[in-house]
Amino acid sequence: MKHSFSISRNRSLFFLLFTLLLASCSKSKDDSVPPQGAAFVGQYIVTDPSETYTLQIESKGGSNFQIKEFGGFLNVPLNAVLAGSTLKVPSQTFTNGSGKSITITGTGVLQTKAKKDDTIKFDYKVTGWQDYESDFEGTRK
């Protein structure tokens, strides 16, 4: 009888360890959900009355992003930071070859109008040798 008790106990121990091993290997819900900011990454077609251009948003790690072709007028990368569900453009100053500078700030919001129809909308302000407030909207490419 001692022998059958030992086998039964070993079998129970084996199943317990096997169950614990499977539980430790399963994905957590946090690992399977992409970071909220990852949704912003991509290319967006922006069509203004005077031009059409491709806005590109890249992740630079963590909550840091880089925007290329911002507003169709900025041909140098613009930095942005994820703040909740918005992409904030902190104040950044750029100087052209003539010594004229502009400072840009803004906020971007991602909206999904229909399945796989992401639209990004930016409101921004430019100050310096030109002063104005504007916005633009782009559709994911």
Side-chain angles (χ1 to χ4, degrees), residues 2-141:
K2 283 185 179 182
H3 187 59
S4 66
F5 176 71
S6 176
I7 291 173
S8 176
R9 189 177 78 170
N10 285 341
R11 192 176 297 167
S12 295
L13 184 59
F14 171 77
F15 285 119
L16 176 65
L17 289 174
F18 183 73
T19 304
L20 289 174
L21 178 66
L22 284 178
S24 68
C25 291
S26 68
K27 283 187 173 183
S28 74
K29 290 182 182 178
D30 292 337
D31 291 341
S32 63
V33 176
Q36 189 174 11
F40 283 94
V41 174
Q43 295 182 336
Y44 301 85
I45 302 296
V46 180
T47 303
D48 285 335
S50 61
E51 67 179 323
T52 297
Y53 59 93
T54 301
L55 175 86
Q56 184 173 334
I57 300 176
E58 299 174 350
S59 174
K60 292 299 177 184
S63 60
N64 299 307
F65 293 83
Q66 193 171 68
I67 304 171
K68 296 179 180 175
E69 296 301 323
F70 185 84
F73 65 88
L74 191 63
N75 59 3
V76 294
L78 184 66
N79 295 316
V81 178
L82 183 66
S85 61
T86 62
L87 206 52
K88 297 277 186 185
V89 177
S91 180
Q92 294 166 67
T93 301
F94 301 92
T95 305
N96 68 13
S98 303
K100 295 179 178 179
S101 64
I102 58 171
T103 300
I104 302 171
T105 59
T107 304
V109 177
L110 190 65
Q111 302 169 331
T112 302
K113 293 182 177 178
K115 192 173 184 179
K116 293 189 176 186
D117 183 18
D118 288 338
T119 301
I120 193 161
K121 182 175 182 188
F122 272 95
D123 293 308
Y124 65 95
K125 183 176 182 179
V126 175
T127 57
W129 68 277
Q130 291 186 354
D131 292 323
Y132 62 92
E133 291 185 35
S134 191
D135 61 15
F136 62 85
E137 190 174 286
T139 304
R140 190 178 298 274
K141 189 173 181 179

Could you grab the distance from atom CZ of F70 to atom CZ of F136, nearest 0.5 Å is fine?
4.0 Å
Minimal heavy-atom distance between V41 and R140, with the atoms involved, is O-NH1, 2.8 Å
Within the side chain of Q111, is there an N or O that forms a donor-acceptor pair under 3.5 Å with the backbone of V109?
no
Can you measure from CG (L110) to NZ (K121) and round to the nearest 0.5 angstrom?
13.5 Å
I'd like to know whether T54 forms a side-chain contact (heavy atoms from CB on, under 4.5 Å) with V46, so could you lay out the CA-CA distance, the side-chain angles of the two residues, the decisive distance to 0.1 Å, and finally the verdict.
CA-CA 6 Å; T54 301; V46 180; over 6 Å; no
Heavy-atom closest pair (P90 atom, A80 atom, distance to 0.1 Å) is CD-CA, 4.1 Å
Which class fits the ring pair Y124 and F73: parallel under 30°, tilted 30 to 60°, perpendicular over 60°?
tilted
Can you tell me how far the CD atom of E137 sits from the CG atom of D123, to the nearest 0.5 Å?
10.0 Å
Looking at side-chain heavy atoms only, is the closest gap between V126 and T103 below 4.5 Å?
no
Test side-chain contact (heavy atoms from CB on, under 4.5 Å) applied to Y44 and L55, I67, T119, the passing residue
L55
Any chance you could lay out the side-chain contact (heavy atoms from CB on, under 4.5 Å) test for L87 and V81, step after step, and finish with the verdict?
CA-CA 6 Å; L87 206 52; V81 178; over 6 Å; no
Would you check if V89 and N79 make a side-chain contact, meaning some heavy-atom pair closer than 4.5 Å?
no
Check step by step if side chain to side chain donor-acceptor pair (under 3.5 Å) holds for T93 and S101.
CA-CA 7 Å; T93 301; S101 64; over 6 Å; no
Once rounded to the nearest 0.5 Å, what's the spacing between atom NZ of K88 and atom CZ of F65?
14.5 Å
Can a donor-acceptor pair be found, under 3.5 Å and without considering hydrogens, that links the side chain of N96 to the backbone of G99?
yes
About how many Å separate CG of D118 and NZ of K141, when rounded to the nearest 0.5 Å?
15.5 Å
Give, for atom CD1 of I104 and atom CD of Q130, the distance between the pair rounded to the nearest 0.5 Å.
10.0 Å
Compare all side-chain heavy atoms of N75 with those of E69 and state whether any distance is below 4.5 angstrom.
yes
Does any non-hydrogen side-chain atom of F122 lie less than 4.5 Å from one of D135?
no
Pair Y53, D48 - check side-chain contact (heavy atoms from CB on, under 4.5 Å), show working.
CA-CA 8 Å; Y53 59 93; D48 285 335; 3.7 Å; yes
Tell me, do K68 and E58 make a side-chain contact under 4.5 Å, heavy atoms counted?
yes
Are side-chain N/O atoms of T107 and T86 paired as donor and acceptor at under 3.5 Å?
no
